[in-house]
Chemist: 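Have a look at the structure that comes next, please.
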Amino acid sequence: MRTKMVAGNWKMNKNLQEGIALAKELVEALKNQEPKCAVVIGTPFIHLASVSEVIKGSVIKLAAENCADKEKGAYTGEVSAEMVRSTGAEYCILGHSERRAYYHEDCDILREKVLLALKNDLKPIFCIGEVKEERESGKQNEVVKAQLEGSVFNLSAEDFGKITLAYEPVWAIGTGLTATPEQAQDMHAFIRSLIAEKYGKQVADDTTILYGGSCNAKNAAELFANPDVDGGLIGGASLKAPDFCAIIAAR
Ligand code: 13P
């Protein structure tokens, strides 16, 4: 049975004090809830070490939102996978469409980041997804396939098994335009079929595939009811503890 998961991606929101307060609120709220799925919060780099202390002993696991594509050295302003891991974070979100679009992260850069994350014992949450024009011209499957082939299908089956995938149609991110449950299920099933072709049915069955893009407390249950949708990667709705907890309860 593959892991079900609800993961938050705070993006560039919350100063340190606000982030610590939100983490504390989540720890308290989830104490009573006993979630039936893995719970991960993805925070900016500066929060990681502090939030790691706050969530100790709770069900919450920690993710960074990025890591460098270089191991160490003279790369001013960058944060390496090893540094991320040393904070206590266990996961690293990689390949987010905002990183691809605004920071020009292509398949080659992302392949390096995935390798460095794995080398440093960080589990990648690897994001893929098409933009609006690609969906409108029916190219979503080929786009997602190329993203997988470009950055993660080079891995051994053992390493691929450490990856969580997140299908995030770019047109649905922060827009309020959620993919329909059918669109999400179709794409997740397609992704799983690609994994089966590459690594075999067992690996495909064991891979956690999250949906992301305007997922909220209202639509989560409907999305998660699909057999190939194993949970969500949540942006806006992860910034408020009651909303995030309601999504966790829907999983
Ligand atoms: P929203 O939930 O705000 O649409 O963001 C989704 C996302 O990008 C998560 O990584």
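Atoms within each ligand, like the ligands themselves, are counted from 1 in listed order. All residue numbers in this chain count up from 1 along the given sequence. For the numbers below, each heavy atom of this structure counts, side chains included, while hydrogens, waters and symmetry mates do not.
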Chemist: Is it the case that the ring center of Tyr199 lies less than 6.0 angstrom away from the ring center of Phe153?
Modeler: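 Yes, ring centres under 6.0 Å apart.
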Chemist: Got a salt bridge between Glu98 and Lys11, using NZ or NE/NH1/NH2 to carboxylate O under 4.0 Å?
Modeler: yes
Chemist: State whether a side-chain donor-acceptor pair under 3.5 Å links Glu65 with His96.
Modeler: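 No, no side-chain donor-acceptor contact under 3.5 Å.
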Chemist: Could an N or O of ligand 1 be found under 3.5 Å from any N or O of Glu98, whether backbone or side chain?
Modeler: no
Chemist: For atom 2 (O) of ligand 1, what's the nearest protein heavy atom and its distance?
Modeler: Gly235 N, 2.9 Å
Chemist: For the pair Asn120 (side chain) and Leu122 (backbone), establish whether a donor and an acceptor sit closer than 3.5 Å, ignoring hydrogens and angles.
Modeler: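 Looks like no, no N/O pair under 3.5 Å.
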Chemist: Starting from atom 7 (C) of ligand 1, locate the nearest protein heavy atom and write down its residue, its atom name and how far away it is, to 0.1 Å.
Modeler: Glu168 OE2, 3.2 Å
Chemist: So that I can tick it off, tell me whether Glu28 and Lys31 are bridged by a salt bridge, with the cut-off set at under 4.0 angstrom between side-chain N and carboxylate O.
Modeler: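 Glu28 and Lys31: salt-bridged.
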Chemist: What do you reckon, does Gly236 have a nitrogen or oxygen under 3.5 Å from a nitrogen or oxygen of ligand 1?
Modeler: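 Yes: some nitrogen or oxygen of Gly236 is under 3.5 Å from one in ligand 1.
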Chemist: Considering residues, nucleotides and ligands other than Lys4, do more than 12 of their heavy atoms fall under 6.0 Å from its NZ?
Modeler: yes
Chemist: Any Lys/Arg nitrogen of Glu82 or Arg85 sitting under 4.0 Å from an Asp/Glu carboxylate oxygen of the other?
Modeler: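 No, this pair does not count.
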Chemist: List ligand 1 atoms under 4.0 Å from Gly213, heavy atoms only on the residue side.
Modeler: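 Reading through ligand 1 atom by atom, the close ones are 4 (O), 6 (C).
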Chemist: In the protein, what heavy atom is nearest to atom 5 (O) of ligand 1, and what distance, to one decimal place, separates them?
Modeler: Lys11 NZ, 3.2 Å
Chemist: Can you sort out which atoms of ligand 1 are near Ser214, meaning under 4.0 Å from one of its heavy atoms?
Modeler: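 It comes down to these atoms of ligand 1: 1 (P), 2 (O), 4 (O).
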Chemist: Would you say ligand 1 has an N or O under 3.5 Å from any N or O of His96?
Modeler: yes
Chemist: With backbone taken as N, CA, C and O and side chain as the heavy atoms from C-beta onward, which portion of Asn9 lies under 4.0 Å from ligand 1: side chain, backbone, both, or neither?
Modeler: side chain
Chemist: For Ala237, state whether at least one heavy atom is located under 4.0 Å from any atom of ligand 1.
Modeler: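 It does not; every heavy atom stays at 4.0 Å or beyond.
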Chemist: Quick one: does Leu233 get an N or O within less than 3.5 Å of an N or O on ligand 1?
Modeler: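 No, Leu233 has no N/O under 3.5 Å of an N/O on ligand 1.
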Chemist: Can a donor-acceptor pair be found between the side chains of Tyr167 and Glu130 at a distance below 3.5 Å?
Modeler: yes
